[in-house]
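First comes the structure, then the notes that go with it.
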Amino acid sequence: MTKKRFVEFYLSQTLKAATNGFVVRLAYDYQQETGRESVLIYTEAGPQKVTVTGNDLLAIIYDVVEALDFPEREREKRPAARTNLP
C-alpha cells in the first residue's frame with residue numbers, strides 16, 4: 001500500500017470519524033525535487049502541515065495524531081479510554 005493511499009483514504013476517514021468531523025481530511029504531499037514527505041491536515045480550526053519524511057505507516061499515524069490540537073470543547077466531550085486490562 002502506498003503512503004498516499006493510506007493517508008488520504010484510510011487514515012483520513014478514521015480520524016474524521018474518531019474526531020466527530022473535527023478532522024475534515026488529510027492529504028499526502030511528496031516533493032520529488034527534495035524528497036520531502038508531508039501530510040496536510042485539514043481541520044475545522046484550519047490547515048496544518050506535518051513533515052513525515054522517511055516515516056513508516058505507524059510513524060505517520062503517530063506524527064499526525066500528535067500534531068492535532070483539539071479545542072477544549074472537543075477534549076471535554078471525549079470519554080476516557082476504557083480497558084479490560086488488569
Side-chain angles (χ1 to χ4, degrees):
M1 175 183 316
T2 66
K3 291 179 182 179
K4 181 175 181 67
R5 173 81 172 150
F6 175 76
V7 167
E8 293 183 359
F9 183 74
Y10 295 102
L11 187 56
S12 183
Q13 293 302 312
T14 300
L15 290 178
K16 184 175 183 175
T19 62
N20 294 322
F22 177 76
V23 173
V24 177
R25 72 180 179 97
L26 303 178
Y28 175 80
D29 181 48
Y30 176 72
Q31 299 290 324
Q32 192 165 4
E33 306 82 34
T34 62
R36 174 170 271 154
E37 299 170 283
S38 302
V39 173
L40 301 163
I41 307 169
Y42 296 94
T43 67
E44 290 177 350
Q48 67 183 96
K49 188 176 196 176
V50 178
T51 301
V52 294
T53 304
N55 286 10
D56 62 9
L57 300 182
L58 286 175
I60 290 173
I61 295 169
Y62 180 83
D63 286 346
V64 168
V65 170
E66 283 291 308
L68 290 173
D69 184 23
F70 293 101
E72 286 301 318
R73 63 181 175 79
E74 289 297 322
R75 285 192 190 125
E76 293 169 6
K77 286 183 187 176
R78 290 183 287 151
R82 296 178 190 212
T83 180
N84 293 331
L85 298 176

- [ ] Check the pair Thr43 / Val24 against side chain to side chain contact (heavy atoms under 4.5 Å, CB included), numbers first and verdict last.
- [x] CA-CA 5 Å; Thr43 67; Val24 177; 5.6 Å; no

Task: In one Ile/Leu/Val/Met/Phe/Trp/Tyr side-chain cluster, 4.5 Å: Phe22, Val7 - done: yes

Task: For the student: nearest non-hydrogen atoms of Lys49 and Leu40, plus distance - done: CG-CD2, 3.7 Å

Open item on the list: So, taking the atom named CD in Glu44 and the one named OG1 in Thr19, what distance separates them when rounded to the nearest 0.5 Å?
Closed with: 7.5 Å

Task: Gln48 side chain vs Ala67 backbone, donor-acceptor pair below 3.5 Å - done: yes

- [ ] Measure the spacing between CZ of Phe6 and CD1 of Ile61 and express it to the nearest 0.5 Å.
- [x] 3.5 Å

- [ ] Without swapping roles, check the side chain of Lys3 against the backbone of Val52 for a donor-acceptor pair under 3.5 Å.
- [x] no

- [ ] Decide side chain to side chain contact (heavy atoms under 4.5 Å, CB included) for Asp63 and Val39; before the verdict, give the C-alpha distance in whole Å, the side-chain angles of both, and the deciding distance to 0.1 Å.
- [x] CA-CA 9 Å; Asp63 286 346; Val39 173; over 6 Å; no

TODO: Report the residues that fulfil side chain to side chain donor-acceptor pair (under 3.5 Å) with Lys4, sequence neighbours left out, ordered by chain and then residue number.
DONE: Glu8

TODO: Decide whether Leu15 and Tyr62 are clustered together by the hydrophobic rule: side chain heavy atoms of Ile, Leu, Val, Met, Phe, Trp, Tyr closer than 4.5 Å, transitively.
DONE: no

Open item on the list: Applying side chain to side chain donor-acceptor pair (under 3.5 Å) as the test, list every pair that has at least one member in residues 22-35; sequence neighbours left out.
Closed with: Tyr28-Glu37, Asp29-Gln31

TODO: To the nearest 0.5 Å, tell me how far Phe9 CZ sits from Met1 CE.
DONE: 9.5 Å

Open item on the list: If hydrophobic clusters are built by linking Ile, Leu, Val, Met, Phe, Trp and Tyr wherever their side-chain heavy atoms come under 4.5 Å apart, do Leu68 and Leu11 end up in the same one?
Closed with: yes

